[in-house]
Amino acid sequence: MHELSIAQGILDIIQNEAEKNAIERVSVVRLKLGKLTAVEPSSLSFCFELITKGTLAEGARLEIETVPITGRCAQCGKEFILEDPFCNCPGCQGLKIDILTGREFYICEIESDD
């Protein structure tokens, strides 16, 4: 369950940003999370709720936008969404696929009621 350590990292970032911007209470945290990160959104939300108790982010809503895996075929140039990272190009059946998205994992926005 590496989501617990990830949730702690998110909370550390929130606390640092809150201190820099004189924020006393966080209400919403928005994340972009690529499907290739192997992070389970529901587990991350659960851990975030646990770890923020008694902090400035207690009760904050964690909004996670899942980013699909997209790729471009090195042979024909077709761009498409991959259901898994080990598939063929649907256009030419080529095997060399350059991954374009799906590795993202970052905080987009921290919202406060202050």
Side-chain angles (χ1 to χ4, degrees):
M1 184 178 217
H2 65 288
E3 283 83 357
L4 187 59
S5 61
I6 293 169
Q8 181 62 57
I10 292 168
L11 179 58
D12 292 345
I13 292 168
I14 291 168
Q15 289 174 325
N16 286 338
E17 291 302 315
E19 188 176 313
K20 287 182 200 170
N21 296 289
I23 294 171
E24 294 180 11
R25 189 109 189 110
V26 172
S27 56
V28 180
V29 178
R30 292 185 179 89
L31 300 178
K32 290 241 184 199
L33 180 63
K35 282 191 163 186
L36 282 173
T37 60
V39 174
E40 176 56 44
S42 61
S43 295
L44 181 59
S45 293
F46 176 76
C47 292
F48 182 78
E49 186 178 332
L50 282 178
I51 210 151
T52 55
K53 286 189 178 167
T55 71
L56 76 163
E58 182 172 0
R61 191 173 64 245
L62 185 63
E63 295 181 357
I64 301 172
E65 180 184 341
T66 303
V67 179
I69 306 167
T70 61
R72 179 184 309 117
C73 177
Q75 192 169 326
C76 72
K78 181 177 178 69
E79 291 185 12
F80 56 96
I81 294 176
L82 290 83
E83 294 305 319
D84 73 67
F86 307 106
C87 66
N88 296 1
C89 170
C92 71
Q93 300 304 310
L95 294 173
K96 178 147 178 36
I97 308 297
D98 298 321
I99 301 298
L100 302 175
T101 64
R103 296 184 181 108
E104 297 82 354
F105 190 0
Y106 55 89
I107 298 172
C108 300
E109 189 173 15
I110 298 170
E111 195 173 300
S112 170
D113 293 334
D114 295 343

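Given the structure is predicted, the values throughout are model-derived calculations rather than measurements.
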List, by chain and then residue number, the residues other than Leu62 in its hydrophobic cluster (Ile/Leu/Val/Met/Phe/Trp/Tyr, side-chain heavy atoms under 4.5 Å); write none if there are no others.
->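 Reading the cluster by chain and number, Leu62 sits alongside Ile6, Ile10, Ile13, Ile14, Ile23, Val26, Val29, Leu31, Leu33, Val39, Leu44, Phe48, Leu56, Ile64, Phe105, Ile107, Ile110.
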
Common cluster, Phe80/Leu100, ILVMFWY with side-chain heavy-atom separation under 4.5 Å =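 No, because Phe80 and Leu100 fall into different hydrophobic clusters, even though each may have its own neighbours under 4.5 Å.
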
hydrophobic_cluster_shared for Leu82 and Leu36, side chain cutoff 4.5 Å |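 Linked, Leu36 and Leu82 end up in one cluster.
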
Residues which pass salt bridge (Lys or Arg N to Asp or Glu O under 4.0 Å) with [X], listed by chain and number, not counting sequence neighbours:
| X | value |
| --- | --- |
| Glu40 | none |
| Lys20 | Glu17 |
| Lys78 | none |

Is Glu58 paired with Lys53 through a side-chain N to carboxylate O contact shorter than 4.0 Å?
->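 Salt bridge absent between Lys53 and Glu58.
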
When rounded to the nearest 0.5 angstrom, what is the spacing between [atom1] in [X] and [atom2] in [Y]?
| X | Y | atom1 | atom2 | answer |
| --- | --- | --- | --- | --- |
| Cys47 | Glu3 | SG | CD | 6.0 Å |
| Gln8 | Leu50 | CD | CG | 11.5 Å |
| Lys96 | Cys76 | NZ | SG | 13.0 Å |

Not counting sequence neighbours, which residues clear side chain to side chain donor-acceptor pair (under 3.5 Å) with Arg30? List them please.
->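 Listed in chain order: Glu63, Glu109, Glu111.
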
Taking every non-hydrogen atom, the tightest pair across Arg72 and Gly77 |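 Nearest pair, atom of Arg72 first, then Gly77: CG-O, 3.5 Å.
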
What closest approach, in Å, do Ala57 and Leu11 show between heavy atoms, and which atom pair accounts for it?
->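 Heavy atoms of Ala57 and Leu11 come nearest at CB-CD1, 4.2 Å.
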
Please confirm whether the backbone N or O of Ser45 pairs with a side-chain atom of Glu49, one donor and one acceptor, at under 3.5 Å?
->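 Flag not set: sc Glu49 to bb Ser45 has no pair under 3.5 Å.
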
May I ask you to decide if Pro68's main-chain N or O and Thr101's side chain share a donor-acceptor pair within less than 3.5 Å?
->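 Here the side-chain-to-backbone pair exists.
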
Apply side-chain contact (heavy atoms from CB on, under 4.5 Å) to Asp113 and list each qualifying residue two or more places apart in sequence or on a separate chain.
->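 Counting only residues at least two positions away or on another chain, Asp113 forms a side-chain contact (heavy atoms from CB on, under 4.5 Å) with Ser27.
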
Is atom CD1 of Ile99 surrounded by more than 12 heavy atoms (other residues, nucleotides or ligands) closer than 6.0 Å?
->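 Yes, because the 6.0 Å sphere around CD1 of Ile99 holds more than 12 heavy atoms from other groups.
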
